[in-house]
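Just so you know, these numbers use all the heavy atoms, side chains as well, and skip hydrogens, waters and symmetry mates. Chain letters run A, B, ... following the sequence lines, proteins first, then strands; residues in each count from 1.
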Amino acid sequence: MSKLHIYNTLTKQKEEFKPIQDDHVGMYVCGPTVYSYVHLGNCRTFTSFDMVYRYLLYLGYKVRYVRNITDVGHLESDADQGEDKIAKKARLEQLEPMEIVQRYTVDFRNVMRQLNAHPPNIEPTATGHLIEQIQMVQEILDKGFAYESNGSVYFDVEKYNESHGYGELSGRKIEDLIAGSRELDGQEEKRSPLDFAIWKKASPEHIMRWPSPWSDGFPGWHLECSAMSTKYLGETFDIHGGGMDLKFPHHECEIAQGCAATGHKPVKYWMHTNMLTLNGKKMSKSTGNTLSPAELFSGENDKLEKGYSPSVVRFFMMQAHYSSELDFSSDAISASEKGFIKLMTAYGVLLKLETSSQSSKNVQEMVDSFYDAMNDDFNTPILIANLFETTKYINSVHVGTETISKEDLELLQKEFRGFVFDVLGLVNETESDNSKMDEVMALLMEIRAESRAKKDFATSDLIRDKLQEAGITIKDSKEGTTWTF
RNA sequence: GGUUCCGUGGCCGAGUGGCUUAGGCACCGGUCUGCAAAACCGGUUACAGCGGUUCGAAUCCGCUCGGAACCUCCA
């Protein structure tokens, strides 16, 4: 069988995945800034990494998955003299910053739970790690890669570049960056426009502030991830993930901070997920081009005629590779819903399949194809294509044109279930565990069968049509009648 | 303006040198059915344009056109 390969955005090639420490994997993913409700684009990234996490677990790795909550520190812009996003929103809404943080953190966790994403093993917050961040600022200062200016501390990019090379991840050259940098207000404290704050002195009206050796202030843009990933995963860990839009400058700065503080690169495999677009453009809070999960699930929005369940949304996302752009549209999600139902129906059939002395197809090869797809840089669209090929086989066995042995059936049930539910993280929403409902339906099926036997099709069709209106579909076959939502 | 990426059939979306007619949705025909639905079998539509490399390119190179991300917070 193939081995897991990951496309490393640092080296720009697929590499065999070899954890630093035996079968233990450390994975850090940049989480959301909780200053407003998460939108579907945010969810795509976290759903993609949830799939990565799930597959690593499925392969038997012991994974420590850390995903932060950014509740401080991202500056609005340099022009704002360091006004904090959280603090700004707080003033607008007349709330305490931590109240804002709490509200949107709860919303975020709720949405991710609906999407059936596993919670991370550790979900650290920036405000909970001020001491670690201050220590890291000091380390970088001690190593000579930062300087203090008027109470703020800046990372010295040009000095760092002399010994380490800045821009490796994003493919940028420092000369180009200098040439392309814009003159902005409030930068006179910096030696170079490329330098970035790792500690920022708070202006008098700034709400979120902490004491430090340099000033009452707050940590810089990129420092929290470096401090927290180091604390929980060590100075060098296996996988660091995030959205493509974080590649520069955020992740570039993380690499620089890590190298400056410890002398070596912090991450072995960098992974970046691509954007979910709406109308061909990136979803963005600042431009308002967004669709919220709640709107999508309920259907209460001006973009869709109906709502789609979280599993359908998840399936839709999994039908594209994580590194490709994915455009959201009503037609696309609608097509995914039908495919999703087909897959779930096939799973139901798989559980009840009758066995023969031998299989008419090579089931082991099918199962291998699931692993091969995922081992090739988590290629979920190929996995799903292979699952649909298997679906055809399952249905053929059901109608008797193909056969399966007892051993193969057990294997296929285990792995099909594993990849669909454990790896892709889908939920079989068509499943009913309501025994009362089953009894009522059994009665209706019996009445209908009797009407059909008496050729009273008016009654049988009435039952079928009314149930269809209620969202329940009847399927007749030689073995009897079944029903699904 | 700079950096990077993309452009696949009616729609979504894999594939990156030769055999995947990927897969899903839609559509058409057939089997099954009291009629349907589902399922199964079969079919239709393709690699943005132009030029080059090659025995051979959707896949490599160049140009043109179109789109996206980053260069300011952003998943």
How is [X] classified with respect to the nucleic acid when contacts are heavy atoms under 4.0 Å: base, sugar-phosphate, or nothing?
X	answer
A/Met275	base
A/Ser396	sugar-phosphate
A/Gly31	sugar-phosphate
A/Glu389	sugar-phosphate
A/Gly41	base
A/Leu326	sugar-phosphate

Is any side-chain N or O of [X] closer than 4.0 Å to OP1 or OP2 of [N]?
X	N	value
A/Thr33	B/rA75	yes
A/Lys338	B/rA26	yes
A/Ser324	B/rA14	yes
A/Asn395	B/rA39	no
A/Lys247	B/rC71	no
A/Lys342	B/rG23	no
A/Asn379	B/rG15	yes

Determine the interatomic distance between [atom1] on [N] and the same-named atom on [M]; round to the nearest Å.
N	M	atom1	value
B/rU44	B/rA37	C1'	24 Å
B/rC47	B/rU72	P	40 Å
B/rC63	B/rU4	P	13 Å
B/rC50	B/rC65	C1'	10 Å

Task: Along RNA chain B (nearest heavy atom to each residue), the more 5'-positioned of A/Pro32 and A/Lys392 - done: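 Comparing both residues, the 5'-ward one is A/Lys392.
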Task: 5′-ward residue of the pair A/His321/A/Arg452 relative to RNA chain B - done: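 Closest to the 5' end, via its nearest nucleotide, is A/His321.
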Calculate the interatomic distance between [X] atom [atom1] and [N] atom [atom2]; express it in whole Å.
X	N	atom1	atom2	result
A/Ile384	B/rA22	CD1	P	18 Å
A/Glu252	B/rU4	CD	P	13 Å
A/Tyr28	B/rA75	OH	C1'	13 Å
A/Ile463	B/rC35	CD1	C1'	16 Å

Open item on the list: Counting only heavy atoms from other residues, nucleotides and ligands, does the tally under 6.0 Å from CD of A/Glu16 exceed 12?
Closed with: yes
Is a donor-acceptor contact shorter than 3.5 angstrom present between the side chain of [X] and the base of [N]?
X	N	value
A/Lys282	B/rC74	yes
A/Arg172	B/rC70	yes
A/Arg464	B/rA37	no
A/Asn274	B/rA75	no
A/Asp456	B/rG34	no

Task: ring pair (Phe, Tyr, Trp, His ring centres under 6.0 Å) partners of A/His164, counting only residues at least two apart - done: A/Phe145, A/Tyr160
Open item on the list: Under a plain distance cut-off of 3.5 Å, with no hydrogens placed, do A/His39 and A/Ser292 share a side-chain donor-acceptor pair?
Closed with: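 No donor-acceptor contact under 3.5 Å links the two side chains.
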TODO: Would you check if there is a donor-acceptor pair between the side chains of A/Gln319 and A/Thr380 at a distance under 3.5 Å?
DONE: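 Side-chain D/A pair, A/Thr380 to A/Gln319: absent.
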Shortest side-chain distance from [X], nucleotide among [options]:
X	options	answer
A/Ala320	B/rA14, B/rC74, B/rC70	B/rA14
A/Asp176	B/rA75, B/rA39, B/rG2	B/rG2
A/Ile382	B/rA75, B/rA22, B/rG13	B/rA22
A/Arg448	B/rC12, B/rC35, B/rA75	B/rC35
A/Pro249	B/rC71, B/rA37, B/rC12	B/rC71
A/Gln319	B/rA14, B/rA22, B/rG24	B/rG24

Check whether the ring centres of [X] and [Y] lie less than 6.0 Å apart, and answer yes or no.
X	Y	value
A/Phe108	A/Tyr37	no
A/His251	A/His222	no
A/Phe421	A/Tyr347	yes
A/Phe316	A/Tyr308	no
A/Phe237	A/Tyr232	no

Open item on the list: When you measure from the centre of the six-membered ring of A/Tyr166, is the NZ or CZ of A/Arg172 closer than 6.0 Å and no more than 45° off the axis?
Closed with: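 Geometry flag: not set, cation outside 6.0 Å or 45°.
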- [ ] May I ask whether A/Phe457 stacks on the base of B/rG34, given the cut-offs of 5.5 Å between ring centres and 30° between planes?
- [x]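 Yes, the aromatic ring of A/Phe457 stacks with the base.
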- [ ] Under 3.5 Å for both distances, Watson-Crick or G-U wobble, that's the pair rule; now give the dot-bracket for RNA chain B, with | marking pairs to another strand and [ ] for crossing ones.
- [x] (((((((..(((.(...[.)..))).(((((.......)))))....(((((..]....))))))))))))....
